[in-house]
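Written below as structure tokens is the structure these notes are about.
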Protein chains: 2
Amino acid sequence: MSQCALKIDKLPSVRRLPAYLHLLRELSGKGEQFVSSPYLAEKMHIEAILVRKDLELARINGTPRVGYCIADLIKGIEDFLGWGETLDAFLVGVGQLGASILGNRELMNFGLKIVAAFDVNPRKVGATVHGVPVFDSARLEELLSRLQVSIAILCVPAAEAQQVTDVLVASGVKGIWNFTSENLAVPEDVITQKEDLASGLAVLSVKLTRNKPPTH
Amino acid sequence: MSQCALKIDKLPSVRRLPAYLHLLRELSGKGEQFVSSPYLAEKMHIEAILVRKDLELARINGTPRVGYCIADLIKGIEDFLGWGETLDAFLVGVGQLGASILGNRELMNFGLKIVAAFDVNPRKVGATVHGVPVFDSARLEELLSRLQVSIAILCVPAAEAQQVTDVLVASGVKGIWNFTSENLAVPEDVITQKEDLASGLAVLSVKLTRNKPPTH
DNA sequence: AGTAATTTGATAAAATTTTATCTATAAAAA
DNA sequence: TTTTTATAGATAAAATTTTATCAAATTACT
Ligand SMILES: NC(=O)c1ccc[n+]([C@@H]2O[C@H](COP(=O)([O-])OP(=O)(O)OC[C@H]3O[C@@H](n4cnc5c(N)ncnc54)[C@H](O)[C@@H]3O)[C@@H](O)[C@H]2O)c1
Ligand SMILES: NC(=O)c1ccc[n+]([C@@H]2O[C@H](COP(=O)([O-])OP(=O)(O)OC[C@H]3O[C@@H](n4cnc5c(N)ncnc54)[C@H](O)[C@@H]3O)[C@@H](O)[C@H]2O)c1
């Protein structure tokens, strides 16, 4: 059996990793050295065994009766996610959502560094939003080829999404974090990750209605 | 076998329903009457069979060679999600993110109506953000008991999250849409849905690194 | 009318994800 | 020191989710 036999695409586990990271950093900040799976499980409202399965991704060994070394875990998760060194990104569409993402300090803790933003609105171009310069989106191609950024955060209106995407792809962007409601068409070698606010609301709605006492 | 044997908690399917709804409404707006699973599949970048499985939740019968009646599907999905009549909600924390959610017209298409917002900042209290009045959060309990709202959208700083949650729960809120990074503690009969921006970024990061040609 | 093509829906299989069980290990307690 | 206890890690089982297969239904075509 190869060293790399561990499945890397446990999507639900990957989605939970940032939440572990957040907790672990908090603990680390408090001076804690070790943490146990039951502790993390209680915080995350999941089962301890699932925590242990998730943490297998980080390839860190815990010690019985003690738990995991927090520093090692943090390092292991960061390495797994590729968040060791910062990921440079562009943000396109400095509207309500875009500006709020630019102002979200927490994202920086997750490996992401937004180095430039773009907008078509001349009133926004030239400004600096939360320390990030806003350029005219006509300059996207030029700056992308100059700065070698591989991730773009898409916050334009849905109607503009595909068109902007085409420019991004043509300029060599390899990953698009898509906050619009468009289902973007991209070549095979480009990854898109769509954030759909409504899907969370759907889950909440369904759970709420199922939670109500039946009215027979 | 009972009529209600259909599983209601197919979480991944539920999460996809809003995306179907969006597409279906778009088609309906263009005057289309019917839609097939292969068409929806192509748009959503999933398999047609999965579309059919998902749409089973709506309990609408399609007709072979024709597809599904779009109007029926829309109605079926809305009914399943409880989005037929609007869900009234409060939003707490009118900061960058909160304001951007208040300004997001699309959420209204998803059954959610934010009837009031709350903040501690006296400079925000009294204002109207995108048509929604902002009250002092000291008045949360009072207004909750008056307006009988069962959903709250939580956009306060993480450090305030649990404390605000306790007030919400004490005032009878049954569902909390949590945008903070806190893992909220709530009684059993209260549903929380946590939106974690970073988990999407984690998936994107992992897929990106796995997509790179191996450098051996 | 008859045939071919497309799509739904039922059933089954495969894959993935979560949970359970048990053993080994390290620390704490007796 | 010995016993007890808590926890990791291995293995297996269960549950969930996705994918495959195929028959039935409906439309379009010849
Ligand atoms: N506001 C939210 O809470 C929220 C939540 C989830 C998703 N979204 C989605 O995010 C997107 C943006 O939403 P918003 O509320 O920020 O809208 P917005 O109108 O406030 O912002 C859109 C921005 O994009 C800019 N823009 C338009 N065309 C552009 C182009 N071709 N290139 C570069 N910039 C361009 C506009 O000038 C504007 O600044 C929408 O697709 C929306 O559906 C918004
Ligand atoms: N900005 C983003 O893109 C983003 C994305 C995801 C999650 N979040 C999370 O959303 C939350 C808010 O983020 P933000 O960027 O809008 O921060 P922000 O500081 O801009 O807004 C916070 C708002 O909450 C108000 N507030 C503070 N204490 C309160 C209380 N007890 N009751 C009512 N209101 C109170 C503040 O006055 C402020 O208006 C944070 O937890 C953040 O981590 C933000």
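Letters A, B, ... mirror the listed sequences (proteins, then strands); counts begin at 1.
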A/Leu73 atom CG is separated from D/dT7 atom C1', nearest whole Å, by 14 Å

Nucleotide C/dT18, atom C1' - distance to CG of A/Leu55 in whole Å:
15 Å

Taking every heavy atom of B/Thr180 against every heavy atom of B/Lys194, the minimum-distance pair comes out as O-CE, 3.7 Å

May I ask you to decide if B/Ala185's main-chain N or O and B/Gln162's side chain share a donor-acceptor pair within less than 3.5 Å?
yes

Of the listed nucleotides (C/dA12, C/dT17, C/dT19), which one gets closest to any side-chain atom of A/Lys53?
C/dT19

Counting only non-hydrogen atoms, which of residues 18-46 of chain B are less than 4.0 Å from DNA chain D?
none

Would you call A/Glu78 and A/Arg25 a salt bridge, taking side-chain N to carboxylate O under 4.0 Å as the test?
yes

On the nucleotide D/dA8, are OP1 or OP2 found under 4.0 Å from the side-chain N or O atoms that A/Asn61 carries?
no

Would you mind telling me which residue lines up with the more 5' stretch of DNA chain C, A/Leu50 or B/Gly62, judged by nearest nucleotide?
B/Gly62

Side chain to side chain, A/Phe80 and A/Ile77, heavy atoms closer than 4.5 Å
no

How many angstroms lie between atom CZ of A/Phe110 and atom CG of B/Asp196, to the nearest 0.5 angstrom?
6.5 Å

In whole Å, what is the span from the CZ atom of A/Arg16 to the P atom of C/dT18?
4 Å

Would you please confirm or rule out a distance under 4.0 Å between OP1 or OP2 of D/dA6 and any side-chain N or O of A/Arg52?
no

Centre of A/Tyr68's six-membered ring, under 6.0 Å away, within 45 degrees of the axis: is that where NZ or CZ of A/Arg59 sits?
no

Are the side chains of A/His45 and B/Asn183 in contact, using a 4.5 Å heavy-atom criterion?
yes

Whole angstrom value for the distance that separates P of D/dA15 from CG of B/Leu11:
17 Å

So OG of B/Ser100 and NE2 of B/His130: to nearest 0.5 Å the spacing works out to 8.0 Å

Starting from P on C/dT17, measure out to CG on A/Leu57 and report it in whole angstrom.
10 Å

Length of the line joining B/Tyr68:OH and D/dT26:C1', which is rounded to integer Å
14 Å

Over how many whole Å does the gap from B/Lys10 atom NZ to C/dT17 atom C1' extend?
15 Å

Distance-minimising heavy-atom pair for A/Ala48 and A/Ser37
O-CB, 3.8 Å

Rounded to whole Å, please give me the gap between CD in A/Glu47 and P in C/dT21.
12 Å

So which protein nitrogen or oxygen atoms get under 3.5 Å of nucleotides 27-30 of chain D's nitrogens or oxygens?
| from | atom 1 | to | atom 2 | distance (Å) |
| --- | --- | --- | --- | --- |
| D/dT27 | O2 | B/Arg65 | NH1 | 3.0 |

